[in-house]
Colleague: 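Before we start, here is the structure in question, set down as structure tokens.
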Amino acid sequence: MLNLFGMNIRVKIIGAALITLAICIGGTSVFMARLAEHRMVSRSSSNVISLGSLALNEVKATMIDGHKYEIQRLLEHILSTPSILSARIVSDNGVVLRSGTAGEAGMQAPGFEQPGEGPRSLRESNTIVYRMPVKNQSECFSCHGNTAKNIGVIELVYDITSGDREVLSTRRFLLLSGILILVIVGGALTATLNRVVMYPVEMLVDSMRSVKEGDLNTRTNPRGSDEIAGLGESFNTMMVEVKAVHKRALIKERDISRVKAELDHKVMLEELNTQLQHKVKEVESANKAVLSLSKELKHKNVELEKMVERMKRINEVGSVLTSIIDHKELLKIIIKTASETLRLRKGTIHVRKSHSAPITLNFRPDSGFIEEESGNLELDPRFQEMLLEGKQVFNPKGGGDEATLGVPLKMKGQVIGGMLLEGGSQGTFITHDDLEVLETMANQAVVALENAWLYETMKANYFGTIQSLVNALEASDRYTKGHSERVRFLGLELAKYIGLDYRELEVFEHAAILHDIGKIGIDSAVLNKTDALTNTEFSLIRAHPIIGDEILGPIGTLEGVRTTILQHHERYDGKGYPYGISGEEITLKARVLAVIDTFDAMLTDRPYRKALTSEQALDEVHKGSGTQFDPAVVKAFFQMMKENESLMKTAGYAGRK
């Protein structure tokens with residue numbers, strides 16, 4: 001087995017030595033072959049360069065002498081030289097101008113490249129291509145002009161096939177020499193190894209096996225001849241170097257991995273940065289576009305909000321106007337709303353109704369209304385022109401004039417008045433849209449005025465009828481004659497003073513006129529009895545509010561009127577009739593009517609007593625505050641009487657003290 005192992009070692013050593021020698025011999029052979037090839041190429045290049053320089057000089061001399069057609073024969077002569085495969089002159093863009101080969105002129109030179117400033121030779125397969133630019137000199141200007149830098153390029157293709165055959169012969173010689181050397185050296189090595197002691201070799205093989213298994217700390221202690229010992233020492237030295245190289249390789253590998261990771265990270269960051277910059281530019285562009293759109297949208301939204309607000313105000317005004325029946329209140333709402341909606345600081349509305357005095361209202365947001373019913377208020381000339389001709393007034397702010405809008409009020413084709421708005425705030429600029437808004441409001445105003453006037457006419461006829469009925473009722477009783485009219489007048493004044501709206505005032509007016517309508521159902525003997533009433537008779541008297549409610553019951557529109565009539569004899573302390581309700585359970589209109597009805601009754605003669613003086617009546621009203629009457633209503637009544645001393649006379653109490 002040892003012999004077998006020794007044989008394996010010898011085979012390996014001899015094989016390794018032979019392979020190493022073969023590599024060395026092969027490398028030397030390749031080097032020598034390459035050197036021979038290089039020398040052959042250099043020699044060929046030198047030949048073609050010399051031939052090219054000679055051709056260049058001949059071309060220049062031929063062209064200077066004016067025999068440019070001799071160039072063709074020159075190229076053909078060069079082409080006749082052995083090893084010259086092609087001789088031509090081409091332009092800067094590769095088009096063949098002259099060629100030693102027939103038929104090439106005008107064709108594109110294959111694989112043409114600009115030679116640059118000087119001559120250039122390139123090896124292509126088994127040929128050397130030589131290109132030399134022909135400079136455009138002063139002697140050439142007469143034929144080629146002075147603008148082109150080169151007038152052409154001399155191109156020669158040199159065949160180096162014969163040189164390749166020489167190189168091949170050299171390679172074969174070197175190969176045979178190497179094989180012979182390997183045989184000789186192999187025999188010598190075999191003979192030498194047969195003399196070597198196997199034990200040092202086995203130790204070396206074991207050490208190498210350990211190294212193969214990855215133990216770089218392996219060392220050998222060779223025994224035997226000096227050569228083996230030297231080999232062992234070389235092995236040990238080699239292992240030290242291998243370990244150092246391995247260590248450096250590991251460090252370098254780690255460094256390379258780290259650098260590669262950093263490089264990859266840097267590349268990734270650069271890509272991300274590029275993408276981020278692109279995105280930032282996109283975002284900036286988008287932001288600019290959004291900002292532009294936002295400004296435009298904001299402007300449109302402001303205009304839309306203004307228009308929506310105006311339409312909302314117009315709709316609100318339209319809804320309000322349809323429910324208002326007092327034409328003065330209508331006019332105030334119309335001019336006030338128009339001034340505020342269009343943001344103009346002064347508004348004037350003027351209305352003329354046949355058989356009635358004109359009404360003119362001026363409105364200023366800072367001072368309120370100025371009313372002129374006499375019609376003597378001097379109108380703006382533009383207003384007068386608008387009333388006469390029925391034309392609109394439109395003057396947008398500019399040229400030092402105030403912004404002015406005006407529209408006539410037309411009813412059934414006739415101009416009944418007009419509205420004029422002027423004097424906008426700082427920066428106000430009116431448009432035709434504002435004029436359309438004002439015209440819409442004017443149309444609504446005309447419809448509402450027509451309804452209000454129609455209602456006032458119907459109301460006048462209605463109250464005339466009711467007043468005739470009440471007058472017929474009171475005509476048979478000298479004590480109550482004119483009572484309902486005085487209560488209506490004085491009660492309306494107190495209701496207005498307290499602050500009831502026009503709807504409540506209308507209900508109150510009906511109730512004041514009809515509050516004693518229930519006495520129709522009571523015998524006049526009981527009403528005019530001078531003696532004390534019996535319990536039955538007093539019960540009849542106390543029933544007249546209920547009788548009045550029943551009389552008006554079939555009229556559904558008088559619901560609020562019936563309630564006021566039914567409660568006007570209730571007391572604030574709950575001791576009244578017919579139901580004994582108290583305080584806030586009694587409607588405010590009924591509480592007002594109770595004070596005025598009692599006050600008027602005390603100022604007139606009755607079958608059972610004489611009339612009191614106004615001072616006595618007022619004193620009795622004051623005594624009843626908080627018991628019979630609402631204290632707040634009594635307080636308002638006294639304040640009204642104090643502020644307007646002519647009310648007593650206007651109401652029909654002239655001469656009363």
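Atoms considered below: every heavy atom in the structure, side chains included; atoms not considered: hydrogens, waters and symmetry mates.
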Colleague: Rounded to the nearest 0.5 Å, how far does CG of Asp549 lie from CG of Leu566?
Modeller: 5.0 Å
Colleague: Counting N and O atoms only, with roles assigned by atom type, does the side chain of Arg591 sit under 3.5 Å from a partner on the main chain of Ile586, one being a donor and the other an acceptor?
Modeller: yes
Colleague: Within a reach of under 6.0 Å around CD of Gln639, are more than 12 heavy atoms found that belong to other residues, nucleotides or ligands?
Modeller: yes
Colleague: Spell out, as yes or no, whether a donor-acceptor pair under 3.5 Å connects the side chain of Ser625 to the backbone of Val621.
Modeller: no
Colleague: So, Glu585 side chain and Ser582 main chain: donor-acceptor pair closer than 3.5 Å or not?
Modeller: yes
Colleague: State plainly whether the residues Lys288 and Glu284 are in salt-bridge range, i.e. N to O under 4.0 Å.
Modeller: no
Colleague: Going by atom types only, do Asn644 and Ser646 share a side-chain donor-acceptor pair under 3.5 Å?
Modeller: yes
Colleague: For Leu647 and Glu493, what are the C-alpha separation, side-chain angles and deciding distance, and is it a side chain to side chain contact (heavy atoms under 4.5 Å, CB included)?
Modeller: CA-CA 9 Å; Leu647 275 179; Glu493 293 298 323; 3.9 Å; yes
Colleague: So, for Ile551 and Gly518, which heavy atoms are closest and what is the spacing to 0.1 Å?
Modeller: CD1-CA, 4.2 Å
Colleague: Pairing donors with acceptors under 3.5 angstrom, does anything connect the side chains of Gln567 and Tyr579?
Modeller: no
Colleague: What is the minimum heavy-atom distance between Leu505 and Ala495, and which atoms define it?
Modeller: CD2-CB, 3.5 Å
Colleague: Would you find more than 12 non-hydrogen atoms of other residues, nucleotides or ligands less than 6.0 Å from Glu282 atom CD?
Modeller: yes
Colleague: Between Val592 and Phe508, is there a side-chain heavy-atom distance shorter than 4.5 Å?
Modeller: yes
Colleague: Could you measure the distance from the NE2 atom of His278 to the CG atom of Leu276? Nearest 0.5 Å is fine.
Modeller: 11.0 Å
Colleague: What closest approach, in Å, do Arg486 and Asp600 show between heavy atoms, and which atom pair accounts for it?
Modeller: NE-OD1, 2.7 Å
Colleague: Should the heavy atoms of other residues, nucleotides or ligands under 6.0 Å from CG of Asn535 be counted, would the total exceed 12?
Modeller: no
Colleague: Using 30° and 60° as the class boundaries, would you call the ring planes of His568 and His515 parallel, tilted or perpendicular?
Modeller: perpendicular
Colleague: Under a 4.5 Å cut-off applied to non-hydrogen side-chain atoms, are Pro578 and Glu570 in contact?
Modeller: yes
Colleague: Are Tyr497 and Phe637 close enough, and set up right, to give a ring pair (Phe, Tyr, Trp, His ring centres under 6.0 Å), and what steps lead you there?
Modeller: CA-CA 8 Å; Tyr497 188 83; Phe637 176 65; 10.0 Å; no
Colleague: Measuring from Ser539:OG to Tyr577:OH, what's the distance to the nearest 0.5 Å?
Modeller: 11.0 Å
Colleague: So, does Thr627 use its side chain to make a donor-acceptor pair with the main chain of Gly624 at under 3.5 Å?
Modeller: yes
Colleague: Is it true that a side-chain atom of His510 and a backbone atom of Val507 form a donor plus acceptor pair closer than 3.5 Å?
Modeller: no
Colleague: If we ignore hydrogens and angles and just use 3.5 Å, is the side chain of Glu509 paired with the main-chain N or O of Arg488 as donor and acceptor?
Modeller: no
Colleague: Are Thr598 and Phe629 close enough that some pair of their side-chain heavy atoms sits under 4.5 Å apart?
Modeller: yes
Colleague: Just verifying a value: how many Å separate Asp597 CG and Leu490 CG, rounded to the nearest 0.5 Å?
Modeller: 11.0 Å
Colleague: To the nearest 0.5 angstrom, please state how far the CG atom of Leu500 sits from the CG atom of Leu494.
Modeller: 8.5 Å
Colleague: If I take atom CD1 from residue Ile517 and atom CD1 from residue Ile547, how far apart are they, to the nearest 0.5 angstrom?
Modeller: 11.0 Å
Colleague: Are any of the side-chain heavy atoms of Met602 and Gln616 separated by less than 4.5 Å?
Modeller: no
Colleague: Under 4.5 Å between any side-chain heavy atoms of Glu262 and Lys266, yes or no?
Modeller: no
Colleague: Check for a donor-acceptor pair, side chain of Asp516 on one end and backbone N or O of Lys519 on the other, with a separation under 3.5 Å.
Modeller: no
Colleague: Using every non-hydrogen atom in the two residues, find where Val415 and Pro408 come nearest and quote the distance to one decimal.
Modeller: CG1-CB, 4.4 Å
Colleague: Can you tell if the side chain of Lys589 reaches within under 4.5 Å of the side chain of Glu504, non-hydrogen atoms only?
Modeller: yes
Colleague: On a heavy-atom basis, which atom in Ser614 and which in Phe599 lie closest, and how many Å separate them?
Modeller: O-CE1, 4.4 Å
Colleague: Of all the heavy-atom pairs spanning Gly576 and Arg542, show the shortest one and how long it is.
Modeller: O-NH2, 4.3 Å
Colleague: Could you check if a side-chain atom of Gln628 sits within less than 4.5 angstrom of a side-chain atom of Tyr572, using non-hydrogen atoms only?
Modeller: no
Colleague: With the side chain counted from C-beta on, respond yes when Leu588 and Val633 share a heavy-atom pair under 4.5 Å apart, and no when they do not.
Modeller: yes
